[in-house]
Each structure stands twice: as C-alpha cells, then as structure tokens.
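Here is the structure we will look at, set down as structure tokens.
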Amino acid sequence: MNTTSSPVTPTHAVINGTDLLEDRHEEQLRSDEKICLAFNQHNKHVSSDEHRKRLPVNRFRDEIEYLMTKYQTLVIVGETGCGKSTQLPQIVAQICHQWMGTDTTTATTTPTTDHKHPMVAITEPRRVAAVSLAARVAQEMSVELGREVGYAIGFEDCVDRQRTRIKFVTEGILVNELMSDPLVTSYGAIIVDEAHERTLNTDILLALLKKILRKRPALRLVVSSATIECQLMKEYFNFNASSDRSADTSTVLCLDGRCHPVDVYYSRAPVADYVKESVQTVIKIHERYQFGDILVFLTGMEEVDACVSTLKDYARSLREKQTPGLRKLYVLPMYASLPATDQMRVFDTFGKSVRKVIVATNIAEISLTIPGVSFIVDSGFVKMRFYNPRTCTDSLVVVPTSQASAQQRAGRAGRERAGNAFRLYTEQAFQELTPFTTPEIQRSCLALTILQLKALGVNNIAKFEFISPPPERHVVSALDLLYALGAIGDTGALTQPLGLQMAEFPLHPMFAKMLLSSPGFGCSVEALTICAVLQVHNIWQQPGGGQRALQARRAKHELSVEEGDLIAYLNVYNLFVKADKVRSWADRHYLNYKALVRAVEVRHRLESVMNRFRMRWRSAGDDVDAVRRCIVAGFFANAAYLDPSGNYRTVRGDHELHIHPQSVLYTRPRPPKWVVFHEVLHTSQQFMRDVTPIDPKWLTELAPHYYQCGTDREIMESKLTNNT
DNA sequence: ACCCGATTG
C-alpha cells in the first residue's frame, strides 16, 4: 500500500502518526487496551444491499486495513450477528489483493505479500458453517461458488486452483494442510473464526500459526472471537518483549455490535429441580408476556423430553379451557440425536396466535440460531466430556456452565428485538461461575493430537506454546499409549513407517493401528468398514417411546450377534450395501440412514489413505476370529474381564466396568468372560461402549510388550488361571 | 438400565 495514493479517508495517515485514530488508538490502549468502535447497525429504511454495506465490519474497513498494516495479528471482537463471518473475509481479501500491487520499495510500513497468488483462509469449527458461509459470500459477491469463493471440508473440495481467493475451511482441514505445506504459503492471511469456542482444533491451529507467524512476517492473522477472551489472544500473539507498546505485533479491534438489549433475571433462591422450574418459568412467561418465542436450555435428551411432555400437557389444557387472551403454545424438542426432519421443525413459523417453545440442549448455543426467540430460560447447566488420564476414560457429566456460556445463551434472545433471559440460579451463583468454559484441549484424550503434532515436527510437547497448556498427566498418558501402539520409540520420536502412517489417518491412534495391522490378519476390507462405522454415532434408531420403540429394540436384537458390537456393525454395513444403500431398507430395520450414508463416505476417505500406503486389500470372508484378532491389535489396551461378582474389571488399572445398555451384548444371555472395548463413558456408572468378546490369549500374543512385563504379567497370569 | 456437541489433504 502506498499511503499517499491511497484513495481513502484520513484514518490512513500512518506517516505522521498524529492522526485522530492513532491518538484514539493509543489512548484506548492505555485505558483498556482495546479499540472500541461503536456503531448503529439497525436502520430499517435501507435495502438489503445497503444494509450489508452498513454492517459494522464494512464501515470500519479502513481501520481494519490500517491495523493489519501495523500489526501482524488482529483480534476482532464482535457480537454474533454483526456480519463478521461474511464481511471480514471479503474485506481481508480486498486488502491482500491491494497489497499485491504494492511497490516493494515502500514496503517498510506495509506488508507485501510473499507469494504470487494469495488466498485468504477462513476456518470454521463446523462443516455446515464453512459451506453455508462460502455460499453466502459467493452470493454477495455475485460469483459462482467454487470459483473466487470456495470451501474445503472433510469429504468435499469446492475450490478453483487458479481463481479461488476466499476459501472457507474447517479447522481440521487447515491443520492437515500444514502437513504438506508447513508455512501455509498458499495463504496471505488466515481468519480464525469463532476462536472463542476453543475447540481442540482451534487451540492446535492457533499454536501452530503462532510458530508460522514468526517465520513469515508477511502473513496476517485475524482472530475472530465473540467474547472478552480477546486480551488472552492479543497477548498470546504479541511478539513484543519490550515495554514499548508501539512495538506490539498484535492488537484488539472491538466491534461493539450488540444487537438488542437483553434483560437478565435471576432466581431469588437456589432452584432444586431445574427441569420442573423451567416448565414453571415458561408458563409464567406465557401468561405475562404477549409476544416472542421461548428457548429453554437443558442438558440432555432425557431432560428435554420430560420438559416437552409436561409443557405439552399444559398446552393441551390451554386449548381445552380456551383461555381468552392466551395464545396457543407449540412445544418442540431440539437435540442432536433427533431425526433430521424433527430438527427442522424448530424453524417452522406459525401464525400470530401461536407461541413457539423450543426445549434444547447446548446445540442451540453452539451450532444453530433460531429466529424469533425473545425469551431464554437458562438452567445454568451443560453436559460435558472430561478425560480422566488415570483410567484413560471419558466422563460425561452435568456441570454448571461458565459465565461466558450464560452470556452467549442470553444473547440468543436479542437477535431481532429486545429480549429477556431468565436464569434459574441466583445472581450470586452466577458470580461464582468460572468466567470461561475449560477449553477442550484441557479435557480431551491427547493421543491423536500429539501424534499429529509430532508429524508436524513438534517433538517436545512440553515446550510447545499452547494458549492453555493441557495438564501434564494427559500428555504422559497419551505418550504411554502411543508408545504401546508402536507409534513412537524410546526417544519419543515417531516410528517409521508405522508412526508416520498412523498420523495420516483422521482417527484415534487405536483405529489407525487396527487398520495398518489389518493386511496381516487378511481382513483389511472388514477392518476398514468397522473403523468407518465407529466414526459415526447413532447407527441404531431410538424412537422416543411406545410401539415404535419396542419395534426398534426388536429390530436391533435381530441384528445383534454374540461376537459383539463391532461385528454387528460390520454385518449391518454389508447388508446396507447389499440393499443398494436405500433409505427404505434402513428405515425398515430401524437404522439411522444418514449415519450409514456418512459411514460410506468415511470408509471411502479412509480407503484412499490406505491406498496411498499401498495396503493390500483382503477379505477375511467368514473368518470372524481374524477380524476380532485385528481389533485386539488396535484395542489391546482396552481389555477387561468378568470377575466372579459379575462385574467387569480393566486388566490395566483394575477399575470396575459395565457393559453399556446400548451394546448388543447387553441383552444377550451369557456375558463374555474377556472383552475389548472402544471407549468407556462415565455416566451413572463406568460403561464400556462398543464391546468385542475376545480370547485372552490374543492379548499376550498380539501385545506381549504391553502385557508381559512386571506387574501386568502377574495380573494377567492370575486372571488367566481364575477365569479361563 | 441409558449419550452434550463437534470434527480430520
């Protein structure tokens, strides 16, 4: 950028440094280290095109360009609905394009691009978001999707190598692109959208980008976040070690774009039963306020169904009494495992005489926005997964939300007009909540993460600069597992070729090991199918109740086999393929059609990775033991045996376990003596999911390094003599 | 007797 010829406003007076913005900027930095740009988003008398130009990010295009000139990293804070996700990519692409034509002799203050055809990447945590935002931006720019604007998600690439300048991707795609292009040279700028969600991939990506920014000074990073985590982000990306603020390499731009005010109400006293209380609150809202739909946040399917059924009773009583002045209530559940057609109903609109009540899990906070909502009922709780490195298992527990999450939920009421949020807890309870949700990287199994990082050249995980470092024992537990699987050697380096190949699979390392071992067992065809199906959840349909629930259980029982869940999945998949993958077959057997179709896609993707390694394709035919031995080759660490009391215990660690009620083995008469499992979920008890009966000899035979040393051998020997 | 939500050249 040549500032003297730049056809823009005075905010570009970078040269003298005394410009209004500069002053305001420095002053703000001193006071709260933020730049706040206020705006008024809502102007009813403009066309939609006009409206778009008035979106806050567009109005501050020049400020964004100025800040991107001066700082390598720009943290942008803006409320949802301010158009960040669609407008920022266009603005940043324009800026990059402009810089491309820069005269390099004046490049002291301006970052010239370090490549010929810079693209802008925008990362999204979810696939649907990447695709739909790409489609919207293409439409706004009047270009065909897949040309100037494209996207790349797990199974779909919709980009034009020559022409694409704006590319929406999922976070995982960008992490994977780093494997072949460690400095992301195809991009001039990267926008990390929804960074406040702090998914596992957000944190990995930001940490890797931090390394890359040091090596590529011309690369620009925009971190887009909806909450006040901005200071943390800003400092994380600030390479300036001196106290001289003007040498900072990162800054914060705050788009003050709150849509409408939301009044927050708290309970006067603590609430004993938030499901009952949420019902009462919905009724009170309905009787007191005339307009606006209601959104209730609970933690799980069971709670949602209970709340919906009570509210439906109330709605029915209203209809029967024909209460004058009170509108009809239309009550709808919303959670991820609900069939797609039922999910779509939350977007239905009804006449003025009907009020919609949506009872949802956290899905309504994170991945979808329902228009028309003006009332929020917030239980204050969420169901969350936590990894336990001691037992190498996950717990699924109901925990209080964070303040940030409560704020996000309340904000859902103010998208179109002023709203109200009713929190079913006291104000003091709110003050005692943790400010932020624990980032996923601190509550996950890190085996795959560490494997990926090692493949990207990050050998010393302890020295890797995470925003929020994971607990050390999580790292140790992951390294132990990787060592046991043979992915890393004594020095902690990736093994060749096993470790390196395992890192290329988008799978938990146990699956990768199983797949890479499968040609040796002559069952690569079957192993591939089983891995694919296990990446997809809810293969079995589970209707809410009544006759259909009974039929579904019966259908599942017919497909269940004593060889366990994984072999049952294999059979189901093969039958689905044999039936030409039609929906009617899936429906008839109470199987989840969409999940099966997705398993087909996943299988296809994994197959291409296997082909790259020139794996031999072999089918075991009817030799189920070959397949089960192959499963043990990957999952030997997850072994358990039936003790005399009738409970299962893990071989390593000696923890009590139970077969999950969803397992096909749960309803079978004789429980197997030895099993391996896919995972353990701690809910009301420690439940093993996806269980395969095995012969215990396979453990010592296939994983002697794991089971024949020290105390483990003693444990094994005593179990073997007692149980077989 | 029971699972929040996402996701991978």
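By convention in this document, chain letters (A, B, ...) are assigned in the order of the sequence lines, proteins followed by strands, and residues within each chain are numbered from 1. Everything numeric in this text was worked out from a predicted model, so none of it was measured. As a basis for the values below, the full set of heavy atoms in this structure was taken, side chains included, without hydrogen atoms, waters or symmetry mates.
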Just say parallel, tilted or perpendicular for the rings of A/Y387 and A/H474, cut-offs at 30° and 60°. perpendicular
For A/Y425 and A/F430, take the angle between the two ring planes, folded into 0 to 90°, and tell me which bin it lands in: parallel under 30, tilted 30 to 60, perpendicular over 60.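 It falls in the parallel class, under 30°.
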Give the rounded distance in Å between these two atoms: [atom1] of [X] and [atom2] of [N].
| X | N | atom1 | atom2 | result |
| --- | --- | --- | --- | --- |
| A/L534 | B/dT7 | CG | C1' | 16 Å |
| A/L657 | B/dA1 | CG | P | 17 Å |
| A/I204 | B/dA6 | CD1 | P | 19 Å |
| A/Q408 | B/dA6 | CD | C1' | 15 Å |
| A/I173 | B/dT7 | CD1 | P | 12 Å |
| A/L448 | B/dA6 | CG | C1' | 14 Å |
| A/Y151 | B/dT8 | OH | C1' | 16 Å |
| A/Y666 | B/dC2 | OH | P | 8 Å |

Would you say a side-chain N or O of [X] is under 4.0 Å from OP1 or OP2 of [N]?
| X | N | value |
| --- | --- | --- |
| A/S684 | B/dC2 | yes |
| A/S367 | B/dG5 | no |
| A/T199 | B/dG5 | no |
| A/R385 | B/dA6 | no |
| A/T683 | B/dC2 | no |

What I'd like to find out is whether the side chain of A/W540 reaches to under 4.5 Å of the side chain of A/V572, using heavy atoms alone.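 A/W540 vs A/V572: side chains touch.
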Can you check whether A/H655 reaches A/H682 side chain to side chain, under 4.5 Å on heavy atoms? no
Mark yes or no for a side-chain to base donor-acceptor pair under 3.5 Å between [X] and [N], with no hydrogen or angle criteria applied.
| X | N | value |
| --- | --- | --- |
| A/R612 | B/dG9 | yes |
| A/E440 | B/dG5 | yes |
| A/E365 | B/dG5 | no |

Of B/dA1, B/dT8, B/dG5, the nucleotide closest to the side chain of A/I363 is B/dG5
State which of B/dG5, B/dG9, B/dT7 makes the closest approach to the side chain of A/S180. B/dG9
Keeping to residues at least two apart or across chains, list the salt bridge (charged side-chain N to carboxylate O under 4.0 Å, His left out) pairs with something in residues 175-186 of chain A. A/K167-A/E177
Considering every strand and a 4.0 Å limit on heavy-atom distances, what is the contact class for [X]: base, sugar-phosphate, or nothing?
| X | answer |
| --- | --- |
| A/I153 | sugar-phosphate |
| A/E302 | nothing |
| A/M179 | nothing |
| A/I366 | nothing |

So for atom CZ, which belongs to A/R649, do other residues, nucleotides or ligands contribute more than 12 heavy atoms lying within a distance under 6.0 Å?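 For A/R649, atom CZ is crowded (more than 12 foreign heavy atoms under 6.0 Å).
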Between A/Q685 and A/N176, name the one whose nearest nucleotide on DNA chain B is closer to the 5' end.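 Looking at the nearest nucleotide for each, A/Q685 comes out on the 5' side.
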Need to verify one output field. Residue with the more 5' nearest nucleotide on DNA chain B, A/G300 or A/R598?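 It is A/G300 whose nearest nucleotide is closer to the 5' end.
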